[in-house]
Amino acid sequence: MDTTLMSAVKSNIVPLLEYLLHGSILDQSKDMLLHRLRGLCDDVETGPENFCDHEMIYAIRGGGQQQQIMLRVRRSLDFPKMPWHLRYVGQPDSGERARTTIVRTCIDVGASENLVQFLTEMGFRLDHEFVVSGYLFRKGRMKVIVSKVYKMLQPGNTDRDSIEPVSLSHLVELSVGAVTGQETIQEDMKNFAEHLKPLVHLEKIDARKLPV
């Protein structure tokens, strides 16, 4: 356990294990996927949660040969008065062949709007930022997010005429947050992912191995 996670435990912030499967779908097929998810998930009457967020990635380098520590800061553009969101995500563990999902440690906390100022005073620096919008579905403990990422043409400017899509696809993420020792959740995720084929193939993808 790294020093960041150790500090979190000492502060009674319990890190979760996040189980993940990823995929993508072309924009032209997105509505068919949303229709299928409405039938499969728990949000049949109310529909999914829509969101449009500004996400900023802040980084600081540890002492000696330590790698960068990165924190994700997210704020809602649709509901500016909502609490900000701070997230730490550990390195994905995809080494075990028996695992059918990516597994990584994560810590999520709510924060006030002066979070950026606090991180800057600690020595963190903005690495990159983007706008992400989409839909959040729930199926029991599982979350399905269908989202589109936009790059910002001007730093800090999230106006709709100052952003443009990164690609012609939507990202699809199936995830579950759980404490240690609940590996069986992976089988539930695998079974759910089967219902989304052939529209989208959710896979165990290690971002570290993708070409840059």
Side-chain angles (χ1 to χ4, degrees), residues 8 13-25 27 29-57 70-79 82-94 99-111 130-150 166 169-197 199-207:
I13 300 174
V14 180
L16 293 176
L17 290 180
E18 186 175 45
Y19 298 85
L20 290 162
L21 290 173
H22 290 103
S24 65
I25 188 168
D27 292 345
S29 302
K30 178 205 66 175
D31 288 342
M32 288 189 290
L33 175 62
L34 296 181
H35 179 74
R36 182 168 297 184
L37 286 170
R38 287 189 181 98
L40 290 171
C41 294
D42 300 333
D43 324 87
V44 177
E45 295 184 1
T46 60
E49 299 175 30
N50 294 6
F51 66 88
C52 183
D53 295 343
H54 175 205
E55 183 157 325
M56 296 159 277
I57 312 299
M70 306 192 81
L71 297 178
R72 302 181 180 190
V73 176
R74 184 177 281 210
R75 66 185 182 97
S76 172
L77 297 176
D78 291 333
F79 304 98
M82 291 287 289
W84 288 41
H85 182 220
L86 177 65
R87 168 170 253 231
Y88 167 80
V89 175
Q91 290 294 325
D93 178 10
S94 59
R99 281 181 170 164
T100 56
T101 69
I102 290 289
V103 182
R104 65 187 185 187
T105 305
C106 66
I107 300 172
D108 292 284
V109 293
F130 54 89
V131 170
V132 57
S133 67
Y135 312 85
L136 167 62
F137 294 84
R138 300 182 187 276
K139 176 65 174 178
R141 298 164 58 192
M142 293 184 284
K143 292 194 302 184
V144 185
I145 295 177
V146 181
S147 63
K148 192 165 186 67
V149 177
Y150 298 84
V166 171
S169 300
H170 275 66
L171 300 175
V172 185
E173 178 183 280
L174 173 62
S175 67
V176 174
V179 296
T180 305
Q182 300 190 32
E183 298 282 325
T184 55
I185 192 65
Q186 295 177 88
E187 191 62 29
D188 294 335
M189 294 173 66
K190 181 181 178 182
N191 292 337
F192 183 84
E194 288 294 320
H195 292 296
L196 301 182
K197 293 179 179 179
L199 284 174
V200 61
H201 292 262
L202 296 177
E203 299 175 321
K204 174 183 175 181
I205 299 174
D206 189 344

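As a basis for the values below, the full set of heavy atoms in this structure was taken, side chains included, without hydrogen atoms, waters or symmetry mates.
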**Message:** One thing to verify: whether Glu194 and Lys197 come together as a salt bridge, which I'm taking to mean a side-chain N less than 4.0 angstrom from a carboxylate O.
**Reply:**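 Yes.
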Using a 4.5 Å cut-off on heavy atoms from C-beta on, say whether the side chain of [Y] contacts that of [X].
| X | Y | value |
| --- | --- | --- |
| Arg74 | Val132 | yes |
| Lys139 | Val144 | no |
| Arg72 | Ile57 | yes |
| Tyr19 | Thr100 | no |
| Leu20 | Ser175 | yes |
| His22 | Leu171 | no |

**Asked** Taking only residues two or more places apart in sequence or in another chain, which ones pass side chain to side chain contact (heavy atoms under 4.5 Å, CB included) with His54?
**Response**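 If we apply the side chain to side chain contact (heavy atoms under 4.5 Å, CB included) test to His54, skipping adjacent residues, the hits are Met56, Arg75, Leu77, Glu129, Met152, Thr158.
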**Prompt:** Quick one: side chain to side chain contact (heavy atoms under 4.5 Å, CB included) partners of Lys148, sequence neighbours excluded?
**Reply:**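 With neighbours one apart ignored, the set is Asp27, Tyr150, Pro165, His170.
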Rounded at 0.5 Å granularity, tell me how far [atom1] in [X] sits from [atom2] in [Y].
| X | Y | atom1 | atom2 | answer |
| --- | --- | --- | --- | --- |
| Gln186 | Arg99 | CD | CZ | 6.0 Å |
| Ile145 | Glu173 | CD1 | CD | 5.0 Å |
| Ile102 | Leu21 | CD1 | CG | 8.5 Å |
| Ile25 | Leu196 | CD1 | CG | 9.0 Å |
| Leu40 | His195 | CG | NE2 | 6.5 Å |
| Leu34 | Leu199 | CG | CG | 10.0 Å |

Measure across [X] and [Y] and return the closest heavy-atom pair with its distance rounded to 0.1 Å.
| X | Y | value |
| --- | --- | --- |
| Arg104 | Gln91 | CB-O, 4.1 Å |
| His85 | Asp108 | NE2-OD1, 2.9 Å |
| Ala178 | Arg141 | CB-NH2, 3.3 Å |
| Lys30 | Val146 | CG-CG1, 4.4 Å |

**Prompt:** Given the rule in the side chain to side chain contact (heavy atoms under 4.5 Å, CB included) test, do Val131 and Asp53 qualify, once you have shown the distances and angles that lead to the verdict?
**Reply:** CA-CA 6 Å; Val131 170; Asp53 295 343; over 6 Å; no
**Message:** Is the ring pair Phe137/Tyr135 parallel, tilted or perpendicular, if the boundaries are 30 and 60 degrees?
**Reply:**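 Tilted: the ring planes of Phe137 and Tyr135 meet at 30° to 60°.
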**Asked** If you count the non-hydrogen atoms of other residues, nucleotides and ligands that lie under 6.0 Å from CE in Met70, is the total more than 12?
**Response**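 Check passes, neighbour count above 12.
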**All salt bridge (charged side-chain N to carboxylate O under 4.0 Å, His left out) counterparts of Glu203, not counting sequence neighbours** =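 Residues passing salt bridge (charged side-chain N to carboxylate O under 4.0 Å, His left out) with Glu203: none at all.
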